[in-house]
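One structure below.
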Amino acid sequence: MGNTAKTRLGHIFSGTATMSRYDAAQIEQKWQEAWDKADVFKATREGGKPKYYVLEMFPYPSGRIHMGHVRNYTMGDVIARYKMSTGHNVLHPMGWDAFGMPAENAAMAIGGHPKEWTYGNIADMRGQMKPLGLSIDWSREFATCDPEYYGQQQALFLDMLDTGLVYRKNAVVNWDPVDMTVLANEQVEQGRGWRSGALVERRELTQWFFKISDMAGELLDAIDGLDNWPAKVKLMQANWIGKSRGLQFAFDRVDGGEAIEVYTTRPDTLNGASFVGISPDHPIAKALEAENADVAAFVAECRKGGTTEEAIETAEKLGFDTGIRVKHPLTGAELPVWIANFILMDYGTGAIFACPAHDQRDLDFCRKYDLPVIDTFFALDDNSPVGTEAFVPAKTDKVRFVDHFAGLDIATGEDAIDATIDFAEKGGWGEGVTKFRLRDWGLSRQRYWGCPIPIVHCDACGVVPEKKENLPIRLPDDVELDKPGNPLDRHPTWRDCACPSCGADAKRETDTMDTFVDSSWYYARFTAPRADTPTDLADAEYWMNVDQYIGGIEHAILHLLYSRFFARAMNITGHLPDSAKEPFDALFTQGMVTHEIYVTRDENDRPVYHLPEDIEWTENGARLGACGSPVEVIPSAKMSKSKKNVVDPVNIISAYGADTARWFVLSDSPPERDVEWTASGADAAFKHLNRVHRITAEIAEMGDATGQGDDDLLREMHKAIHEVTGGVESFGFNAAIAKLYAFTNALQKSKAGADAKRTAARVLAQLMAPMTPHLSEEIWQLLGGEGLVIHAPWPIADPAMLVEDTVTLPIQVNGKRRAEISVPKDLGKDEVEKLAMETDAVKRALDGKAPKKVIVVPGRIINVVV
RNA sequence: GCCCAAGUGGCGGAAUGGUAGACGCAGGGGAUUCAAAAUCCCCCGCCUUCACGGGCGUGUGGGUUCGAGUCCCACCUUGGGCACCA
């Protein structure tokens, strides 16, 4: 329980007001029961209403909800409730992304079973989430670790295998040579295994892959149609897919061996080639590795370190001259072939030609190994040769080529590339090709707590898919998790099975699926969560697509790209209609919840972190409540357990109520940016809700007397309707709330009569209902609103009430504001200019002379240039 | 290393290329009260001025424009992602 919050607010509750006080706990329980009783959040296809599907990225069941969840689900709830009140059948489901490593880690660290740990956490989190009053259809809830869910996922896998979307090949993993186990990237710390501390190596395993690269072009082209996605996410995805056009050609070997195919996106720099580089995983490197101890040692050196692109890109550049020589296709010059650790086998052909003058990596490499650097072009105004910095102009910049083979002189990089590809194709020694950076999706994981891959290995038949009637292939419960490695691999009997093809004794695949598979189709499953096929087409047809998807920007690439792939795969396999190939119509990426960090130092000057609720504030700054030691305050960062800068939503809800928590996370920052949780901000939110409760209760008790300024109040009301509606529809929740503050101020100050005030207060309840649904129901009832506010149709602003008769125009002199005038809204340009020229400020600035220019923007501004 | 964002008062932030700082917090002053809390009213970017006013001001440096927080270029700092964290 958050003592700080309770103490801080004790005084609010101790008031002696005769009016009933704002009792959040009582109000929230009362209205949650009313909603349950009326079953208002059950998604149905009835009534001929348009549908609206709002989905927040489902949580990993860590066991505790955090403020990030509160923010994420509150945003979705605002949209869902708003859409309910605008006449939609709303689908707003919740589930659990329940497979993954933390459950296995917990089992290893504290004992127990991943299954029990996970389902226990789900129960806890559901219990913490329900008090938030979210408009969720809980009857559709599922966890990805339910056999009913992952069995359907296995069926999907088999269908994808049938259609050629799944295949096997070798791929590298992080290998811990001490624990003899595969490590996740997260488990590699500074190149070492997190438990053993051993230097990690890259090792090849045969693994299952989804053929996402087949759809690279389509996934890229379809980005254009994602009108309601953030531009930055679309750009990140486009860059990730990485379409490039380049030249593919071969270097003939001097020794007559098989030619080396290379791919380059800068064929125009072929004159500057100083060596040919191949990946340590290139077939030629592998062949040499087998017969040459020096090569084997070098390649082994290259395989040290993790598999991440970051590790490979930032590693020190290493090279080995193979002694092989190739012929430059144009000049006939001999070039050496080097093995280089920064060349990826996965991209292009796994071999390149290096042009050090115009590529920084190549240049660093050539300087290190003393290879020649040949300039192929210069800037138009600078002939100096490349030194330590490669000359890499934008492809749209014009440069001057030196003695170019395709006859180029001054040209842009783009034109030069096209001309070179043309030249090579005409000469018959090369071909223009389009390639993608996107690699196929490796889905095999050597872990227990995931969806088993429904495959059987038979000595006679080879790799055989399991029969659908045998699904789900369930995870065994009796496993030992106390040692590293995959417990399925060492289970005495689970692997044993009959071959689905010939019936002979066979062995199950022991790898499980990447948890990204689980989250790549859950949105489709929510449309028919109990169907005995992956989806029910009629339900999918009605509810898909997700109209509004909401989640963290950290999922901008992988999760969203994999989901887009899966929707297409499900369409091909008959589980989704054509209309649902692109599953998320609109995407919103919200920011994180942050908090200040409080730290003291131990005797060794190491930081000791403290929870916000243990801090006291004095005139001299922050100190520890218990002992009074001064505390250093570090600027806000993402809430994390290790830094203890966390505020538990459960504490906040019991101190202030859910409506305050919801109001605050929406009010203080634009939703796409981070929000800093502050105790004073939460207090302010709570005080405001108290004030709304008090004001509306007073209005409810007013007599029917007429007052002054009814029309002004109603104008304010219509403006509030207009702006709050716009704010909600455009995810401007903080702006909508600012308007609600202003409208509340206007309502409080207004001297209007009871009728106008009640009308305005009921509209206030409606406008606040998506954000503070419990308080809104209470006010609505108090003011005699009909039924539940969740069922009341959203108010519509009267355009006639939104226009002002006069406008205030600022007058600038040379772009600086010097005066303002108030004029009728429709006054003509010439009259406005005349009035402006007569103001003192303009006369003073002109000093009797004529202005150079006068700009009048009607209804906006006047600028006099002197 | 590569890709993508974000930087505005003491603080969170607002602002279709058109009055920078809406709204909220913190702070100051006042009303109410025996007193306090709660509540209500007023002030509140920085410098300068008794005041009227003037100058400066949206991370830094340039540019486009009658006019730039907003558009363009370069840089700095912080955050997200980099394919086995979810």
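Throughout, a chain's letter reflects where its sequence line sits, starting with A, and its residues are numbered from 1.
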Between [X] and [N], is there a side-chain N or O to OP1/OP2 distance below 4.0 Å?
| X | N | result |
| --- | --- | --- |
| A:Asn239 | B:C4 | yes |
| A:Lys232 | B:C3 | no |
| A:Asn745 | B:G24 | yes |
| A:Ser669 | B:G12 | no |
| A:Arg673 | B:G12 | no |

Assigned glycosidic conformation for B:G9 [threshold 90° from 0]: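 Base orientation: syn.
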[X] side chain, from C-beta outward: closest of [options]:
| X | options | value |
| --- | --- | --- |
| A:Arg439 | B:C3, B:C84, B:A83 | B:A83 |
| A:Arg860 | B:U16, B:C82, B:U19 | B:U16 |
| A:Ile855 | B:A86, B:G7, B:C66 | B:C66 |

Residue mapping more 5' on RNA chain B - nearest nucleotide basis, A:Gln812 or A:Val865: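 Result of the comparison: A:Gln812.
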A:Tyr549 and A:Tyr523 aromatic centres sub-6.0 Å: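 Ring centres of A:Tyr523 and A:Tyr549 not closer than 6.0 Å.
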Donor-acceptor pair between A:Tyr60 and A:Thr118 side chains, under 3.5 angstrom: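 No.
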Partner nucleotide, any strand, of B:C75 [Watson-Crick/G-U, under 3.5 Å]: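 Checking every strand shown, B:C75 finds its partner in B:G59, with both distances under 3.5 Å.
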